[in-house]
Amino acid sequence: MNIEDFPMLKEDLVYLDNGATSLKPQCVIDKMTEYYEKYSANAHRGDYDISFKVDQEYEKTREEVRRFINARFKEEIVFTSGATESLNWIATYFFGKYLEAGDEVLITNSEHASNVLPWFRLSNKLGIVIKFIPLDDNHYVTVENIEKMLSPKTKVIALASITNVIGDARPIKEICKLAHENNIFVVMDGAQSVAHQKTDVQDLDVDFLAFSGHKMCGPTGIGVLYGKKELLEEMEPPNVGGGMNESFDSPQEVYYKDLPTRLEAGTPNIAGVIGLGEAIRYLENIGMEKIHEYEKKLRNYALQELLVLPHIDLINIESDSGIIAFNVDGIFSQDVAYYLNKYKVCVRAGNHCAKNLKAETGVQNSLRISLYFYNTEEDIDNLVELLRNKDKILEEMI
Amino acid sequence: MENREIILKHYTSSPYKKDEVTNDYQKIEVQSSTCVDHLNIYIKLKDGVLVDGYFNGEACSIATSSCSILLTNVLNKRVEDIKKFIANFEKMCNDEPFVEEDLQEAIVFKDIIHQGNRKSCAFLPYQGLKKFLEEN
Ligand SMILES: Cc1ncc(COP(=O)(O)O)c(C=O)c1O
């Protein structure tokens with residue numbers, strides 16, 4: 001769908017690495033250029049027209065994000081540099097204050113490094129305990145397995161809604177229900193899901209959500225931290241300085257602004273925020289349901305084609321997203337990726353920042369294709385055709 | 001033999017690739033910073049000469065074959081000569097003037113190092129051995 005909107009797709013590129021980042025539609029590029037060309041002023045200084053316009057666009061995007069994920073309040077939307085920063089802030093500046101030695105945080109072996117290392121660091125600093133929820137035979141998280149892990153010390157469950165290696169979806173709503181019955185907070189890493197399906201934070205009832213603009217047709221360097229208002233109120237500002245203070249007469253007399261400005265010190269990534277707003281309008285215009293359905297159909301098509309090739313080992317036949325992980329029997333994943341690159345087919349090889357997953361799947365490295373709505377059956381056909389003949393891969397990989 | 005065949009030969013049947021580890025070797029571990037290539041190189045030094053070496057790990061065809069070719073070239077060489085060999089290979093990787101003949105089989109990577117990320121794959125074992133020799 002909508003291929004014509006993407007300048008990068010004017011070349012004969014087969015881009016199948018949307019889990020890493022998405023391509024940008026012309027409207028997002030134009031919107032950011034417009035800011036730099038037409039009203040390139042700072043925010044929060046509405047004393048003149050162009051700065052007033054910046055404030056309007058900036059806050060309009062906040063409202064747009066709120067609507068996009070159905071948050072209750074605009075104040076619950078904080079702009080960050082991306083999912084990684086959001087997750088770090090949540091762990092460090094909310095839970096760093098709240099948790100005590102011995103408290104337990106539940107994660108899994110298939111989390112992205114950005115949802116593991118902030119917790120590990122907190123563990124070293126505070127003596128909290130990180131526990132891994134066992135995955136079932138398909139590497140899925142089940143509510144039953146979480147239930148078995150609960151103890152009076154469990155305080156946080158931090159999970160990707162969709163994982164970046166095998167694309168399995170977690171039952172976040174059910175997990176939140178169980179968690180809240182036990183006074184546990186839920187942190188949702190939405191980096192791989194928010195771009196691909198409708199997210200409703202009130203319906204899910206998550207306490208915190210992190211995601212990145214660049215994976216959803218927006219620019220790099222911009223992301224969102226959502227937190228329930230009463231929780232964000234308790235969060236320590238990660239940065240202090242300009243823009244976020246009311247007054248500071250002495251170290252004892254420092255007054256910060258209200259949410260969300262309090263958590264956004266310094267000149268923000270204005271072009272990024274404005275670009276993100278445009279990306280959200282763009283996605284909503286197509287429709288998140290439609291995007292999700294299209295990707296599911298395309299994924300099934302890809303699976304059906306790949307399953308026919310005897311030398312392709314699929315790692316996740318079951319999955320709820322446009323992510324397919326596989327290996328070519330006997331050929332190192334990276335060599336296959338280099339071979340495909342010769343034909344302008346972009347796929348990812350490696351362990352995809354989920355280094356702990358090898359303990360679960362027994363597979364250290366794999367190839368990953370991750371689809372988005374602008375991919376087509378023709379893209380899949382190109383890929384499958386290149387993978388059809390193993391000898392050709394061996395012949396041409398070097 | 002064509003370059004490709006030499007690389008494939010070292011990749012698929014390197015005489016220096018061994019899975020078992022004996023503890024009378026010194027271990028050099030190198031991990032690529034840009035991809036998943038991970039090599040363990042085991043060497044034995046005696047009187048300033050590298051008398052034995054082998055490797056294992058999980059890495060692509062280029063990193064693996066480059067490691068095998070490196071070991072072929074440095075076995076029974078003096079540390080100073082090994083350092084020179086590494087420096088010469090590094091020059092090739094950095095597009096600086098280098099002495100082609102001295103590289104022996106390692107010259108097979110001359111073109112490949114210009115393909116995207118593959119320079120770092122080819123250089124990975126050199127990077128590990130270089131650092132080890134500088135520090136020891
Ligand atoms: C599941 C998951 N979480 C977090 C991240 C981190 O996102 P970013 O690099 O945009 O901060 C990613 C990115 O690959 C991801 O896939």
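On a predicted model such as this, the values are computed, not experimentally measured, just so you know. First the proteins, then the strands, lettered A, B, ... as listed; each starts at 1.
For B:Glu20, the CD atom counts as densely surrounded, since its 6.0 Å shell holds more than 12 non-hydrogen atoms of other residues, nucleotides or ligands. Annotation: B:Lys131, atom NZ; neighbour count of heavy atoms from other residues, nucleotides and ligands within 6.0 Å does not exceed 12. Under a cut-off of 6.0 angstrom, the local environment of NZ in A:Lys125 is sparse, with at most 12 non-hydrogen atoms contributed by other residues, nucleotides or ligands. Heavy atoms of other residues, nucleotides or ligands lying less than 6.0 angstrom from CZ of A:Arg121 number 12 at most. Other residues, nucleotides and ligands place no more than 12 heavy atoms under 6.0 Å from the CG atom of B:Asn23. For B:Lys46, the NZ atom counts as loosely surrounded, since its 6.0 Å shell holds 12 or fewer non-hydrogen atoms of other residues, nucleotides or ligands.
Nearest heavy-atom pair, B:Leu8 versus A:Leu394, reported as atom, atom and distance to 0.1 Å: CD1-O, 4.3 Å. Summarising the geometry of B:Gln115 relative to A:Tyr338, their closest heavy-atom pair is O-CE2, 4.4 Å, with the distance given to 0.1 Å. Between A:Glu396 and B:Arg4, the shortest heavy-atom contact is N-NH1, 4.5 Å. Scanning all heavy atoms of the two residues, the minimum distance from A:Gln334 to B:Asp37 falls at OE1-OD1, 3.2 Å. Residues B:Glu58 and A:Asn365 share a closest heavy-atom pair of OE2-ND2, 3.1 Å.
Judged by distance alone, the side chain of A:Asp335 and the main-chain N or O of B:Ser61 form a donor-acceptor pair under 3.5 Å.
Using a 4.5 Å cut-off between heavy atoms, B:Asn117 contacts chain A through both its backbone and its side chain.
B:Ile7 contributes atom CD1, which lies 9.5 Å from atom CE of A:Met397 (distance to the nearest 0.5 angstrom).
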